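Below is one structure, written out as structure tokens; comments come after it.
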Amino acid sequence: MKIGFIGLGRMGSAMATNLLAAGHQVTVFNRSPQKLRALIELGAHAASTVADACRDGLVITMLADDTAVSDVVLADGGIVSVLPRGAIHLSMSTISVALSKQLTEAHAHAGQQFVAAPVFGRPDAASAAKLYILAAGGPAAVKTCQPLLDVLGQKTFPLGPVPASANLVKLSGNFLMASAIEALGEAIALVGKADIDRQVFVDLLTSSIFNATPYKIYGGLIANSQFEPALFAAPLGFKDIKLALAAAETLRVPMPLGSLLHDRFLRLLAEGGERLDWAAIGGLAARDAGAPARA
């Protein structure tokens, strides 16, 4: 397929690389052009403008937040204004439910199709094409996108015709992962304060009652205070918790644990944690307990 790809951070670059390796013709655009070089060497075509990336009828965006997506999609010269009628915008970013609804309406008004397909997985999973993908949108548009999703992920979960459904599920999942990070941090702080080996504790948990990937990944990071380099930076985690709380407010769903996570991220960032992995909120409990960061 001929596709455009906009947004070449760690996730986007890995995903575009896999599309090229699968034989797709990919035109790439990024606001920081230096990120294009490696993909061009792999056979990608460089787009000098958003419009150049939208000529082939299907464009993928993988951008950091609502502001970046709005700037690329809704601004003058953005995707909505240049994408041909009937063409598809496949948004794989983690964005707010409100923006997803806005994009759905804008594309429909322009005679275009919009599919939301946010992903679960860190950059290593993106590189290995092992992402879990949540897809929602018109059935025909999702079907058109499916060969691309099959390249990028190990499984796609269809969530119906309303794109915002995929975004709400993604935010809910990230809320659960952040909750696990906080709970792990508190438990690890407790055993660490008693001079019990923190890594042994994590190994015990993750080989028995909590044999799940998030506990394995984040438990190890917290036990070893290994929060750099950030594969998912703390400001992005804070962003997702705020978006989950905004959706909860709209739907009138109290989320007391979400409010706690909001304040934990806010504290981490207030103390200069912008460059740390979001797992660093799990290190706050040990500091609260007066224990050293690394036991």
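What you see is a predicted model, and the numbers here were worked out from it, not measured in a lab.
Remark: Ile222 CD1 to Ile188 CD1 distance equals 5.0 Å, nearest 0.5 Å. Rounding to the nearest 0.5 Å places CZ of Phe238 at 11.0 Å from CD1 of Ile281. Here the straight-line distance linking atom CG of Leu159 with atom CG of Leu168 works out to 10.0 Å at 0.5 Å rounding. Note that the CD1 atom of Ile6 and the CG atom of Asn30 stand 9.5 Å from one another [nearest 0.5 Å]. For the atom pair CG of Leu19 and CG of Leu42, the computed distance is 12.0 Å after rounding to the nearest 0.5 Å. In this structure, NZ in Lys170 is found 10.5 Å from OG in Ser93, a value given to the nearest 0.5 Å.
Side-chain contact between Phe114 and Ser100 is present, with at least one heavy-atom pair separated by less than 4.5 Å. The shortest side-chain heavy-atom distance between Val59 and Ile3 does not fall under the 4.5 Å cut-off. Side-chain contact between Leu103 and Ile95 is present, with at least one heavy-atom pair separated by less than 4.5 Å. You'll find the side chain of His107 reaches within 4.5 Å of the side chain of Ile79, heavy atoms only. In this structure the side chain of Leu74 reaches within 4.5 angstrom of the side chain of Gln102, judged on heavy atoms. Two residues are said to be in side-chain contact when any heavy atoms from C-beta on lie closer than 4.5 Å; Ser207 and Asn211 fail this criterion. Within the 4.5 Å cutoff, side-chain heavy atoms of Asn174 are placed close to those of Phe120. Contact of the Gln112 side chain with the Ile88 side chain is not registered, since no non-hydrogen atoms from C-beta on lie closer than 4.5 Å.
Residues Asn167 and Lys101 have side chains that never bring a donor and an acceptor to within less than 3.5 angstrom of each other. Side-chain contact, Ser96 with Asp66: a donor N or O sits under 3.5 Å from an acceptor N or O.
Leu231 and Met11 fall into different hydrophobic clusters, where Ile, Leu, Val, Met, Phe, Trp and Tyr residues are linked whenever their side-chain heavy atoms come under 4.5 Å apart, directly or through other members. By the criterion of side-chain heavy atoms lying less than 4.5 angstrom apart, applied directly or through intervening Ile, Leu, Val, Met, Phe, Trp or Tyr residues, Val169 is not grouped with Leu152; the two fall into different hydrophobic clusters. Under a hydrophobic-cluster definition in which Ile, Leu, Val, Met, Phe, Trp and Tyr are linked whenever side-chain heavy atoms come within less than 4.5 Å, directly or via other members, Ile40 and Met62 are assigned to the same cluster.
Heavy atoms only, all atoms of each residue included: Ala279 and Phe227 are closest at O-CE2, 3.5 Å. Shortest non-hydrogen contact noted between Leu63 and Ala68 is CD1-O, 3.9 Å. Closest of all the heavy-atom pairs between Ala46 and Thr27 is C-CG2, 4.3 Å. For the pair Arg198 and Ala223, the tightest heavy-atom approach, listed with the atom from each and the gap, is NH2-O, 3.0 Å. Residue Asp71 comes nearest to Ala75 through the heavy atom pair O-CB, 3.2 Å, listed as atom of the first residue, atom of the second, then distance.
Proximity of a side-chain donor or acceptor of Lys239 to a complementary backbone N or O of Ala234 within less than 3.5 Å is not detected. Within the 3.5 Å criterion, the main-chain N or O of Ala286 finds no donor-acceptor partner in the side chain of Lys193. Within the 3.5 Å criterion, the main-chain N or O of Thr67 finds a donor-acceptor partner in the side chain of Asp65. In terms of modelled atom types and a separation under 3.5 Å, the side chain of Ser165 and the main chain of Val162 share a donor-acceptor contact.
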Tabulate below the donor-acceptor pairs under 3.5 Å that side-chain atoms of residues 121-136 make, not counting sequence neighbours, or state none.
from   : atom 1 : to     : atom 2 : distance (Å)
Arg122 : NH1    : Tyr218 : OH     : 3.1
Arg122 : NH1    : Asp277 : OD2    : 3.4
Arg122 : NH2    : Asp277 : OD2    : 3.0
Ser127 : OG     : Pro123 : O      : 3.2
Tyr132 : OH     : Gln154 : OE1    : 3.3
Tyr132 : OH     : Gln154 : NE2    : 3.4

Show me the donor-acceptor pairs, under 3.5 Å and distance only, between side chains in residues 245-272 and residues at least two apart or in other chains.
from   : atom 1 : to     : atom 2 : distance (Å)
Thr250 : OG1    : Ala246 : O      : 3.1
Arg252 : NH1    : Glu249 : O      : 2.6
Arg264 : NE     : Glu182 : OE1    : 3.2
Arg264 : NE     : Glu182 : OE2    : 3.3
Arg264 : NH1    : Asp288 : OD2    : 3.0
Arg264 : NH2    : Asp288 : OD2    : 3.2
Arg267 : NE     : Glu271 : OE2    : 3.0
Arg267 : NH1    : Asp288 : OD1    : 2.5
Arg267 : NH1    : Asp288 : OD2    : 3.3
Arg267 : NH2    : Asp288 : OD1    : 3.1
Glu271 : OE1    : Arg287 : NH2    : 2.0

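Tested against Val115 for a side-chain contact (heavy atoms from CB on, under 4.5 Å), the candidates Ile60, Leu149, Thr144, Val142 yield a single pass: Val142.
Each side-chain hydrogen bond (donor to acceptor under 3.5 Å, both in side chains) pair with one or both residues in residues 36-56, not counting sequence neighbours, appears once here: Ser48-Asp52, Thr49-Asp52, Asp52-Arg55.
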